[in-house]
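Chain letters run A, B, ... following the sequence lines, proteins first and then strands; every chain starts at 1. What you see is a predicted model; the values in this text were computed from it and never measured.
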Number of protein chains: 2
Amino acid sequence: MAEQTDTRERILDVALELFNEKGYDGTSLREIAERLGVTKAALYYHFERKEDILLELHLRMHGIGRGILDRLDAVEDERDVVAAWPALVDAFIDEVLANRDLFLLHQRNQGAFAKIADDERHQAENEDIEERFRRFLSTEAIPLDDRVRMAASVGAVMVALMGATGGGLFGDVSTTDVADRVRGIVHDMLRS
Amino acid sequence: MAEQTDTRERILDVALELFNEKGYDGTSLREIAERLGVTKAALYYHFERKEDILLELHLRMHGIGRGILDRLDAVEDERDVVAAWPALVDAFIDEVLANRDLFLLHQRNQGAFAKIADDERHQAENEDIEERFRRFLSTEAIPLDDRVRMAASVGAVMVALMGATGGGLFGDVSTTDVADRVRGIVHDMLRS
DNA sequence: GTCTATATTTCGATAGAC
DNA sequence: GTCTATCGAAATATAGAC
């Protein structure tokens, strides 16, 4: 069985593609249906609203971030977070490499996500991971310099690595090659 | 005179606000007009098309980036770019501090900008600054490690500094305080 | 589950009075 | 320079046959 009930999966795949190409708002259900080879109405069998497609993709992104943040929460003393950070960044890099499209979606459609953030369905389950991340970076028990370093390391990974995988930011260089260098650079950045 | 002919300026201000809140595509002219206290039709007296509002904001962003990139082009030998980079990042930080909303717009609406990039009006004058930036990072005469460091430094500034100014990423810490630390961190990052 | 309609809303844009 | 009124297009969403 299963055979073709994974139309739902195919919808999500195509939607993710198109949302990254033209943005969430700039993508119509008609376009998704056409690229998928079905009609618009078929999409409504699988998702009640267009929003729900974006929401599901958001939740997957959420699951990825949660694994990392849980490891952050597991650190007993807040001041030990700094020591734990390099390993977490490595995990983050692995996730970015494996789920680049999802991270790209999140980065490029913050406006659309902000809209559905108010939604009950969204607020119910999960606490926003960005919110949890923010709380860590507001912890006064951690020296400000370390907190800025942690935030900066995330930005460094995002720009250097995401640019390398998708846009060929560095020309014809293998992604793993760039990833290794990013790891080295970020680790250096984190030893204050 | 001048008195209220700067409705044009107010439109741009409100549009920049809304584009950052809900994205370019997610913002309707009706919303802009409402927040401004005028009607939709009034907007069309100042701008022929919705695109033109975005385009004007884009051109301002462009003017900012051009100053920095020109200094990059002024470096004779490509391999000296690495040595010149720290000073350029400092200039970049200054611009981000002074024009945070414009940088946010550019970061959050890459898709919308890509659409108008094909436009004749846009292509005429200026070559896209991101394209010029990309070309530098593809220059094989510069060691890959240095190029990744340069890209990473931009990401570090964007996340740490933009987060600090807008969202209070680090709690109640002054922006200039964060900015100084970002400078230090990025300079460290750039001495290979 | 997917289709052919079609209802409903909203958007960008224009015309013309003031 | 701003308004009211409206047009045409495109979008989301629904109804009902198959």
Report task. Heavy atoms under 4.0 Å is the rule here; annotate nucleotides 11-18 of chain D 5' to 3' with B where the base is hit, S where only the sugar-phosphate is, and - elsewhere. Result -> SBBBB---
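- Applying the salt bridge (Lys or Arg N to Asp or Glu O under 4.0 Å) definition to pairs two or more places apart or across chains, those involving residues 153-180 of chain A are A/D177-A/R181.
- Taking only side-chain atoms of B/T39, from C-beta outward, the nucleotide of C/dC3, D/dG1, D/dC3 with the closest atom is D/dC3.
- Following rounding to the nearest Å, A/L36 (CG) and C/dT2 (P) show an atom-to-atom distance of 9 Å.
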Requested in this report: Carefully, step by step, assess A/R60 and A/L105 under the rule side-chain contact (heavy atoms from CB on, under 4.5 Å).
Outcome: CA-CA 11 Å; A/R60 296 189 176 193; A/L105 176 78; over 6 Å; no
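- For A/Y45 and C/dT2, the shortest distance from a side-chain N or O to OP1 or OP2 is not below 4.0 Å.
- Whole-Å rounding puts the B/E9 CD to D/dG1 C1' distance at 16 Å.
- Side-chain atoms of A/R108 never come within 3.5 Å of backbone atoms of A/G23 as a donor-acceptor pair (strictly under, hydrogens ignored).
- Atom NZ in A/K22 sits roughly 13 Å away from atom C1' in D/dA10 (whole-Å rounding).
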Report task. Step by step, work out the salt bridge (charged side-chain N to carboxylate O under 4.0 Å, His left out) result for B/R10 and B/D6. Result -> CA-CA 6 Å; B/R10 293 173 58 227; B/D6 41 37; over 6 Å; no
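- Applying the ring pair (Phe, Tyr, Trp, His ring centres under 6.0 Å) criterion to B/F103, with sequence neighbours excluded, gives B/F92.
- Residue B/T7 places no side-chain N or O under 4.0 Å from the OP1 or OP2 atom of D/dG1.
- The pair B/K50-B/E31 fails the salt-bridge criterion, with no side-chain N (NZ, NE, NH1 or NH2) lying under 4.0 Å from an Asp/Glu carboxylate O.
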